Amino acid sequence: MADRRPDGDGSRAKRQKIDMDPQANPYLAHMYEDSSNNGYGNGYANGYGSSSRPNGSPNGSSLSGFKRHASTMAQAHAAEDGPNNPFNGTPLSPRYFGILKTRRGLPVHAQRDEFLQMYQKTQILVFVGETGSGKTTQIPQFVLFDDLPHFQNKMVACTQPRRVAAMSVAQRVAQEMDVTLGEEVGYSIRFEDKTSQKTMLKYMTDGMLLREAMNDHNLQRYSTIILDEAHERTLATDILMGLLKEVAIRRPDLKIVIMSATLDAQKFQRYFNDAPLLAVPGRTHPVEIFYTPEPERDYVEAALRTVLQIHATEPEGDILLFLTGEEEIEDACRKISLEADEMIREADAGPLKVYPLYGTLPPAQQQRIFDPAPPPRTPDGRPGRKVIVSTNIAETSLTIDGIVYVVDPGFSKQKVYNPRIRVESLLVSPISKASAQQRAGRAGRTRPGKCFRLYTEAAFKKELIEQTYPEILRSNLASTVLELKKLGIDDLVHFDLMDPPAPETLIRALEELNYLACLDDDGELTALGRMASEFPLDPSLAVMLISSPEFYCSNEILSLTSLLSVPQVFVRPASARKRADEMKDLFAHPDGDHLTMLNVYHAFKSAAAQDNPKQWCHDHFQSYRALQQADNVRLQLKRIMERSEVELVSTPFEDKKYYENIRRALVAGFFMQVAKRDGSGKSYLTVKDNQNVLLHPSTVLGQDSEWVVYNEFVLTTKNYIRTVTAVKPEWLIDIAPTYYDLSTFQKGDMKASLLRVADKMRRKEALKGGSRK
DNA sequence: GAGCACTGC
């Protein structure tokens, strides 16, 4: 039997410190009431030596009587009861037994035997557990006792859509199993691999498992793969499901558990060839639903009215209001506070505290939502209340206890993709029934609650779709198609996805990859495509990066690529717009936003700024978080470049081509995102798609640039292109001759000027040739 | 003269 040692620290992957600490993370839906997480992580790690550990053989451990895939709940219970840890032989701590008691009271525990029997009988199993059932923490442990992966030299993997979840669940389960996090139980997320030779249960992001699959098509290192939160239907989960369906045939020994929270489980069952289903009830309190009798014309106005009404008439308990975006939320918070002050003055209402909540809010401000509600103003006064006004970040990512009232106007911002003009944009759209249910459920976490839906019951029944469309139907699939090719899936059309995307979307993606020379004319992966797939980047960014040594500026393009794959670095608070803009002007480069961002990065990395980077960012209206993230991404990309032997080179800064080389390299990746000024006005026209666009007001570029590359198409009140840099048309023809094959262009001003440019280039070339003779 | 829902590698 395989021995997994040596298990010294030397063999462990190096890991980088990042700014996420599960200890400090308040969003722990899976932490039960009794859990105290202080001081964990040390204490008993030093108590035993690894040499005395039973390892590699069940003999002598409390798992010795276990027959793989034929164990019983009684056996597992006996092993769990100790006195020694069944997985590493060390004595179990008193705290372990305390947690064990809680665990055995969880709803999933009642069906442990049933789960085991089903798990043993079938290869693929669908498990439905509502919130509070304990599925995320318990099912993987049930699996461990029966699958005994460590005796096969394999692991059990459990995927999560979000990093914080993977980290914090792993930490909780390590506690439950009385092991040190990173040893028997670990996690793996981007930038951090906290696993070791001993790891038998690994929590990870779905994207991470997908990355692994690209180099290990059969996922050989796993004996069981559990996909958790499958109902969220992230792009990665959808692709993994398609892949696992195929791997299941190639690897009959692999077991697969699909865990979902919705009643839409039949869809998963059908997809996995009528896999058996096990459903476990959750543990939540009832939530009473109220609808408006008539449709509301202005949902924000109706929402404010409802919140104030609740405050005036309903008993104690906090309120959660769902709105769609930052501006709407900040605005609503102001109005609610104003009205509430008046209610307090005139009607002796209880104090009301209002908190905004959205993803781009600084962490310290996000934390404030966990502050307790304000106390009554006088000892016998009316109780205080807090209102949280949130985007749908509070629908899945984040749980706030103490919410009793939910106000749901029925809208959220959703990504939509239009393959015709190749544009992804955010649109305020009605939510789905599943979302509405999820929102309502937020009112019943601690006690019975109420949900006020600001739409009619008829609208709920007839107008809302059942489920939000999965991400795969709402995205540009260029990078997905590249991933699938790297996964060894050649026939994309027949790849069995749960919801196949529109053929037009696939064709667009293939076309884009072909122009980028990642796929050849037969749709086969090229050497460039294979290399591009190694980078966790959009194909155009990856191609730009890989091509950049040809333009003598790969160091700079590496920095720029990192900056383009993190949130906006420029901060512009509503209270200090003018000063923020002045600061931005300090970094402005006349040729465009890309170069401006690069200037910011270089300034940030200068000795003066690094002395106190946080202060520097504050003073210069830069996002410290974004710049730090960019640094982190840069390091990761740099390692991949080194591995792929992409050279790191720079043009000397004194060289007059320093900036020009960078602009040319931009064209190598973004030649499909070019616009030309339309006549003499402000309007631009995009190449080939012929979309009328305007330069985004945030640009540093003047109106005098005839040709520009842009990073992003933003569809709001108008069509904007954002992050733009001036380029020369000769570069387009020179660097991307296939895309700029003028015979493929529609007749018009664009084609005419490109033809003139091409002519000029030919004349120049001829002259050069002539002079050489 | 705008405004970035949320994730992930």
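Order of the sequence lines sets the chain letters (A, B, ...), proteins ahead of strands, with each chain counted from 1. Since this is a predicted model, take the numbers as computed values, not measurements.
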Let's see if you can work this out: which of [options] has an atom nearest to the side-chain heavy atoms of [X]?
| X | options | answer |
| --- | --- | --- |
| A:R211 | B:dT7, B:dC4, B:dC9 | B:dC9 |
| A:R190 | B:dC9, B:dG1, B:dA5 | B:dC9 |
| A:E471 | B:dG1, B:dT7, B:dA5 | B:dT7 |
| A:D581 | B:dG1, B:dT7, B:dC4 | B:dG1 |
| A:P536 | B:dC4, B:dA5, B:dC9 | B:dC9 |

Just how far, in rounded Å, is [atom2] of [N] from [atom1] of [X]?
| X | N | atom1 | atom2 | result |
| --- | --- | --- | --- | --- |
| A:Y358 | B:dA5 | OH | P | 9 Å |
| A:L209 | B:dC9 | CG | P | 12 Å |
| A:K638 | B:dC9 | NZ | C1' | 20 Å |
| A:N632 | B:dC9 | CG | C1' | 13 Å |
| A:Y187 | B:dG8 | OH | C1' | 16 Å |
| A:F191 | B:dG8 | CZ | C1' | 11 Å |
| A:E327 | B:dG1 | CD | C1' | 13 Å |
| A:Y469 | B:dA5 | OH | P | 23 Å |

- request: Quick one: list whatever passes salt bridge (Lys or Arg N to Asp or Glu O under 4.0 Å) with A:D593, sequence neighbours left out.
  value: none
task: Report the residues that fulfil salt bridge (Lys or Arg N to Asp or Glu O under 4.0 Å) with A:K245, sequence neighbours left out, ordered by chain and then residue number.
output: A:D496
- prompt: Between B:dC9 and A:R163, is there an OP1 or OP2 to side-chain N/O distance shorter than 4.0 Å?
  reply: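 So the side-chain polar atoms of A:R163 do come within 4.0 Å of the phosphate oxygens OP1 or OP2 of B:dC9, strictly under.
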Taking any heavy-atom pair under 4.0 Å as a contact, classify [X]: base, sugar-phosphate, or nothing.
| X | result |
| --- | --- |
| A:R162 | sugar-phosphate |
| A:K718 | sugar-phosphate |
| A:T205 | sugar-phosphate |
| A:R233 | nothing |
| A:I393 | sugar-phosphate |
| A:S412 | nothing |
| A:F535 | nothing |
| A:K486 | nothing |
| A:Q414 | nothing |

Of A:S562, A:S565, A:S559, the residue whose pairing with A:R634 passes side-chain hydrogen bond (donor to acceptor under 3.5 Å, both in side chains): A:S559
- request: For the residue pair A:Y720 and A:H696, categorise the inter-ring angle as parallel (less than 30°), tilted (30 to 60°) or perpendicular (more than 60°).
  value: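 Perpendicular.
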message: Just so I know, are the side chains of A:P539 and A:E512 near enough to count as touching, which here means a heavy-atom distance under 4.5 Å?
response: no
- prompt: Quick one: on DNA chain B, does A:S698 or A:D538 contact a more 5' nucleotide (nearest heavy atom)?
  reply: A:S698
Whether A:R233 side chain and A:D238 backbone form a donor-acceptor pair below 3.5 Å: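 No; judged by distance alone, with no hydrogens or angles, the pair does not exist.
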